[in-house]
Amino acid sequence: MQNNRLDTADLPAHIGIIMDGNGRWAKQRGLPRKYGHREGAKTFRRIVEHCERIGLRYLTVYAFSTENWKRPKDEVDSIMSLLEQYIDEAFARQKEDQDIRTCFIGDMSALSPILQQKIQRIEALGKDRTGLTVNVALNYGGRDELAHAMRAIAGQVQQGKLDPSDIDEQLISAHLYTGGQPDPDLIIRPSGEERLSNFLIWQAAYSEFVFMDVLWPDFTPEDLDRAIEIYRGRSRRFGGV
Ligand code: FPP
C-alpha cells in the first residue's frame, strides 16, 4: 500500500506508543482479554510496516510493563506467546534482508529462557541495520530503568572509574536501555487514557503527547499519520521562548 497522504518530510525521529485498550476492545465484543491482545499484535505489525514505509527512524512500543505481572497468568502467557510469535516472524523477515533493527528494552532476566534466547538472536541479527529501529518495551518500567542505570553508575564510582561530579544528564541518558538513541519527539496513547504509566519517564521530558480515543486494536496507519500531523502543529520550545 502506498502512503499517499502524509508528507514524509520533517518527520519526528522517534515515536513512542502506549498500545492501550486491548482489554476493552475484547470486552466490548464479549471476548476474553487475550483476543484483544491478539488483535493488538496485528495492529502493531501494521504500524511497524507503516513506520518503515514513511521512513521513521525509531519506534518504541510499550508491550508489557513491570506491573503487568499482576494480571491473570493466562493473560500474561498469551502476551508472551504473541511476543514469541512476533519475534519468530520478524527474525525470518529480517534474515531475508528487511532493514529493521529490533531491540528489547526492560529487564529481560524475568522472561523464560527460550524468550530470552530469541530476543538475543533477533537483536544480534539487527545490530548493524540502519533502517527503522523498533524498541519493544518488555518487562519495562521507567523507574526500574532509572534504578538499573543508577546501579551501573554507582558501581563505576565504587570502582574509582567515575567521580560523582562526572554524573550529568548525558551520562544518565547513556546508561538507560535507550542509550545512544534520540529521545521520543512524540508519544501517542490511544484508548482515551491520558497518563504516562511509567513509560520512558526520563526520555519523555520534552516529548509532545497525543492522546487519541481509538482503542489500540482499531488504531490504523491513518491514525498514526493524524498524530504526526498534530505533532507538527505544535510549537516545541524546549524551555525557551
Ligand atoms: C494494554 O492494554 C496492553 C498490554 C498490556 C499488552 C500489549 C500487548 C500487545 C499489543 C500484544 C503483544 C505485543 C507485540 C509487540 C507482539 P490493556 O490490556 O491494559 O487494555 P485495557 O486498558 O482496555 O484493559
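Start at 1 and go down the list; that is how both ligands and their atoms are numbered. Quick caveat, the model's predicted, so the values are computed rather than measured.
- In terms of polar-atom proximity, R33 is counted as a contact of ligand 1, with an N or O under 3.5 Å from an N or O of the ligand.
- The shortest contact between atom 5 (C) of ligand 1 and any protein heavy atom is with N68 OD1, 3.5 Å.
- Shown in contact with H37 at under 4.0 Å from a heavy atom are these atoms of ligand 1, numbered in order with element: 4 (C), 6 (C), 11 (C), 18 (O).
- Taking atom 10 (C) of ligand 1 as the reference point, the nearest protein heavy-atom neighbour is N22 ND2, 3.4 Å.
- The nearest protein atom to atom 14 (C) of ligand 1, hydrogens excluded, is given as L83 CD2, 3.7 Å; this is a heavy-atom distance.
- Remark: distances from the non-hydrogen atoms of K27 to ligand 1 are all 4.0 Å or more.
- Looking at Y62 next to ligand 1, no N or O pair under 3.5 Å apart turns up.
- The closest side-chain donor-acceptor pair between R189 and S197 falls under 3.5 angstrom.
- The closest approach between D20 and ligand 1 falls below 4.0 Å for a heavy atom of the residue.
- Within the 4.0 Å heavy-atom shell around ligand 1 one finds F44.
- Checked for salt-bridge contact, E75 and R33 meet the test: a charged N lies under 4.0 Å from a carboxylate O.
- Close approach to M19 involves these atoms of ligand 1, each under 4.0 Å from a residue heavy atom: 1 (C), 2 (O), 3 (C), 10 (C).
- Distance from atom 8 (C) of ligand 1 to its nearest protein heavy atom, with residue and atom name: A63 O, 3.6 Å.
- No option in I188, L186, L196, I18 other than L196 meets the side-chain contact (heavy atoms from CB on, under 4.5 Å) test with F209.
- Here the side chain of N68 pairs a donor or acceptor atom with the backbone of S65 at under 3.5 angstrom.
- No salt bridge links E49 with R46; every basic N to acidic carboxylate O contact stays at or beyond 4.0 Å.
- One finds a salt bridge joining E229 and R232 here, because a Lys/Arg side-chain nitrogen approaches an Asp/Glu carboxylate oxygen to under 4.0 Å.
- Checking only distances, W25 never comes within under 3.5 Å of ligand 1, N or O to N or O.
- Under the side-chain contact (heavy atoms from CB on, under 4.5 Å) rule, T220 has a single partner from D223, L224, D218, which is D223.
- Side-chain atoms of R24 come within 3.5 Å of backbone atoms of S191 as a donor-acceptor pair (strictly under, hydrogens ignored).
- Residue R71 places a heavy atom under 4.0 Å from ligand 1.
- Ligand 1 has an N or O atom lying under 3.5 Å from an N or O atom of R24, backbone or side chain.
- Remark: ligand 1 and G23 share an N or O pair separated by less than 3.5 Å (distance only, no angle test).
- A continuous path of Ile, Leu, Val, Met, Phe, Trp and Tyr side chains, each step under 4.5 Å between heavy atoms, connects V61 with I228, placing both in one hydrophobic cluster.
- Here Y140 and F64 keep their ring centres 6.0 angstrom or further from each other.
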